[in-house]
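Heads up: the structure comes next, in structure tokens.
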There are 2 protein chains.
Amino acid sequence: MPESSAPAHRKRADARRNMETLLDVAAAAFLTGGVHVPVREIAAQAGVGVGTYYRHFPTRADLVIAVYRHQIEACAEAGPRLLAGSDTAHAALASWIDLFVDFLITKHGLAEALRSDDATFQTLHAYFLERLVPVCADLLTAAASAGEVRADVTAYELMRGVGNLCIGANSDTGYDARRLVSLLIGGLRQQ
Amino acid sequence: MPESSAPAHRKRADARRNMETLLDVAAAAFLTGGVHVPVREIAAQAGVGVGTYYRHFPTRADLVIAVYRHQIEACAEAGPRLLAGSDTAHAALASWIDLFVDFLITKHGLAEALRSDDATFQTLHAYFLERLVPVCADLLTAAASAGEVRADVTAYELMRGVGNLCIGANSDTGYDARRLVSLLIGGLRQQ
DNA sequence: CGCTAAACGGAACGTCGTTCCGTATGGTGG
DNA sequence: CCACCATACGGAACGACGTTCCGTTTAGCG
């Protein structure tokens with residue numbers, strides 16, 4: 001059985017095709033127009049109706065997650081590796097945050113969406129937090145128990161802060177999110 | 001001539017009345033619904049048509065500025081005062097940033113709007129930057145020339161960073177913008 | 001080959017920002 | 001006191017958008 005994990009029942013071939021086309025089109029559209037490109041635009045470029053769009057991705061969060069899942073997983077998996085391979089836990093934390101920032105600032109409107117209180121993005125928040133906060137927490141507690149950073153900041157708060165600093169990082173020459181994040185991480189140090 | 005500074009030609013009484021009603025209604029609506037409350041809602045609560053709304057405040061930025069102008073001016077004017085009355089320039093900078101943060105986090109959606117690339121908010125960005133960046137720059141250069149903070153961060157960048165950290169600060173009980181901002185300001189210190 | 005569940009397409013609805021023009025009215029000169 | 005008109009008003013109308021819904025098509029199986 002060389003098929004992927006689809007135990008219950010297969011999807012129709014056209015359904016699978018349309019879903020993959022939508023994913024490809026969305027990935028391209030996100031690059032140029034950000035994660036808020038109109039539904040009709042994506043559907044039209046994929047050659048499907050809006051009904052098909054919504055059937056495959058009921059909320060914009062579902063589409064965004066599907067497009068970026070691989071990169072987010074890669075970022076999450078890099079955490080333990082960095083912790084094992086760095087001189088200090090603080091260095092590992094800084095490196096990992098850099099990875100996260102690099103990911104975020106290249107995605108038009110993603111950092112904004114993570115802060116949006118729009119109900120259609122709730123799943124997106126949840127996924128990011130579920131996947132990345134534990135990784136960050138491990139790095140943070142390692143650095144804290146080594147006495148390298150202060151212990152009164154939670155991983156959740158740190159992630160939110162770093163994410164916030166990435167908002168508007170593209171489309172604003174004159175604003176260097178990386179520099180501000182490194183300032184923030186520096187401020188985390190135990191003096 | 002006991003009238004305020006209206007040299008050219010007076011406005012009609014109903015026009016002035018409607019504008020003030022709109023301002024009052026908007027101030028109240030911003031408190032509960034944020035700066036994105038629908039135009040129709042504000043107009044209806046003020047008992048005017050949407051045409052009247054747009055005549056007085058062509059863009060949302062105009063309305064937001066009109067509502068918050070006093071507070072922004074007060075913040076701007078506090079800068080030099082704090083610089084004169086503080087022990088160190090860094091302390092003055094920190095105090096002033098606190099004022100700014102206190103202002104921002106109590107305004108639903110304002111920090112988000114400052115980062116929005118929506119054309120209707122352009123005037124808002126411009127006003128904030130025009131009014132506050134110079135004040136911040138004075139504090140920052142004072143601290144930098146005293147050797148208290150690093151000199152490779154611009155006032156613009158710092159303001160943007162602090163503003164970003166205030167996004168979503170209300171409506172998120174696990175996120176303390178003040179703490180993260182103080183971390184950032186701490187990271188600014190010359191070690 | 002025919003049948004049916006699965007999937008499709010896009011018209012239609014509600015919300016919102018914004019524009020526009022026919023109507024009403026405040027203030028002034030006679 | 002009145003008539004006039006610049007000023008201001010109101011809300012219908014338009015376009016963009018997210019979302020829903022249902023009549024139609026089609027893939028896959030027996």
Side-chain angles (χ1 to χ4, degrees), chain A residues 3 6-23 25-26 29-30 33-64 66 108-109 112-113 116-124, chain B residues 1 3 6-23 25-26 29-30 32-64 66 108-109 112-113 116-124:
Chain A
E3 286 300 24
H9 49 75
R10 315 263 306 261
K11 283 206 298 198
R12 252 169 63 168
D14 54 348
R16 168 160 291 284
R17 208 168 38 235
N18 282 333
M19 179 163 149
E20 296 204 332
T21 306
L22 278 168
L23 269 180
V25 167
F30 286 179
V35 298
H36 284 108
V37 277
V39 172
R40 282 170 178 77
E41 194 171 314
I42 297 177
Q45 279 184 32
V48 303
V50 291
T52 299
Y53 169 96
Y54 276 104
R55 200 165 309 108
H56 289 295
F57 304 102
T59 71
R60 180 54 60 111
D62 295 320
L63 182 58
V64 172
H108 245 119
E112 290 90 324
S116 160
D117 51 3
D118 189 334
T120 58
F121 280 117
Q122 228 168 343
T123 317
L124 188 64
Chain B
M1 44 199 76
E3 285 300 24
H9 51 74
R10 316 263 306 260
K11 284 207 296 198
R12 253 169 62 171
D14 54 348
R16 167 160 290 284
R17 208 170 35 237
N18 282 332
M19 179 163 148
E20 296 204 332
T21 306
L22 278 168
L23 269 180
V25 168
F30 286 178
T32 63
V35 298
H36 283 108
V37 277
V39 172
R40 282 170 179 76
E41 195 172 312
I42 297 177
Q45 279 184 33
V48 304
V50 291
T52 299
Y53 169 96
Y54 277 104
R55 200 166 308 108
H56 288 295
F57 304 102
T59 73
R60 182 53 63 110
D62 295 320
L63 182 59
V64 173
H108 247 119
E112 290 90 323
S116 159
D117 52 2
D118 190 333
T120 59
F121 280 118
Q122 228 168 344
T123 317
L124 188 64

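Each chain gets a letter, A, B and so on, in the order its sequence line appears, and its residues count up from 1. Since the structure is predicted, the reported quantities are computational estimates derived from the model, not experimental observations.
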Minimum heavy-atom separation for [X] and [Y], please, with both atom names.
| X | Y | answer |
| --- | --- | --- |
| A/Phe121 | A/Ala61 | CA-CB, 4.1 Å |
| B/Val35 | B/Ala113 | CG2-CB, 4.3 Å |
| B/Ala46 | B/Leu22 | CB-CD2, 3.7 Å |

Please report the distance, rounded to the nearest Å, between [atom1] in [X] and [atom2] in [N].
| X | N | atom1 | atom2 | value |
| --- | --- | --- | --- | --- |
| B/Asn18 | D/dG11 | CG | P | 12 Å |
| A/His56 | C/dA6 | NE2 | C1' | 11 Å |
| A/Leu22 | C/dC8 | CG | P | 9 Å |
| B/Phe57 | C/dG17 | CZ | P | 16 Å |
| A/Arg10 | C/dA5 | CZ | C1' | 16 Å |

Item to check | CZ on A/Arg12 to CG on A/Asn18, rounded to 0.5 Å | outcome: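 Here the rounded value is 10.0 Å.
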Item to check | CG-OG1 distance between A/Asp14 and A/Thr21, expressed to the nearest 0.5 angstrom | outcome: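 OG1 of A/Thr21 is found 11.0 Å from CG of A/Asp14.
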Next on the checklist: When you compare the side chain of B/Leu63 with that of B/Ile42, does any pair of heavy atoms fall below 4.5 Å?
Outcome noted: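 Answer yes - side chains close enough.
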Checklist entry - Can B/Lys11 and B/Met19 be said to form a side-chain contact (heavy atoms from CB on, under 4.5 Å), step by step? => result CA-CA 11 Å; B/Lys11 284 207 296 198; B/Met19 179 163 148; 3.4 Å; yes
Next on the checklist: It should be established whether A/Thr52 places a side-chain nitrogen or oxygen under 4.0 Å from OP1 or OP2 of nucleotide C/dG9.
Outcome noted: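 For A/Thr52, the contact criterion (side-chain N or O under 4.0 Å from OP1 or OP2 of C/dG9) is met.
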Item to check | Pairs where residues 36-60 of chain A contributes a residue and the test side-chain hydrogen bond (donor to acceptor under 3.5 Å, both in side chains) is met, not counting sequence neighbours | outcome: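 Residue pairs with at least one partner in residues 36-60 of chain A: A/Tyr53-A/Arg60, A/Thr59-A/Asp62.
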Checklist outcome for this item: Counting primed atoms, P, OP1 and OP2 as sugar-phosphate and everything else as base, the B/S/- map of nucleotides 16-23 of chain D against protein heavy atoms under 4.0 Å is -BBBB---
Next on the checklist: For nucleotides 24-30 of chain D, give me one character per nucleotide, 5' to 3': B if any protein heavy atom sits under 4.0 Å from the base, S if the only such contacts are to the sugar-phosphate, - if neither.
Outcome noted: --BSS--
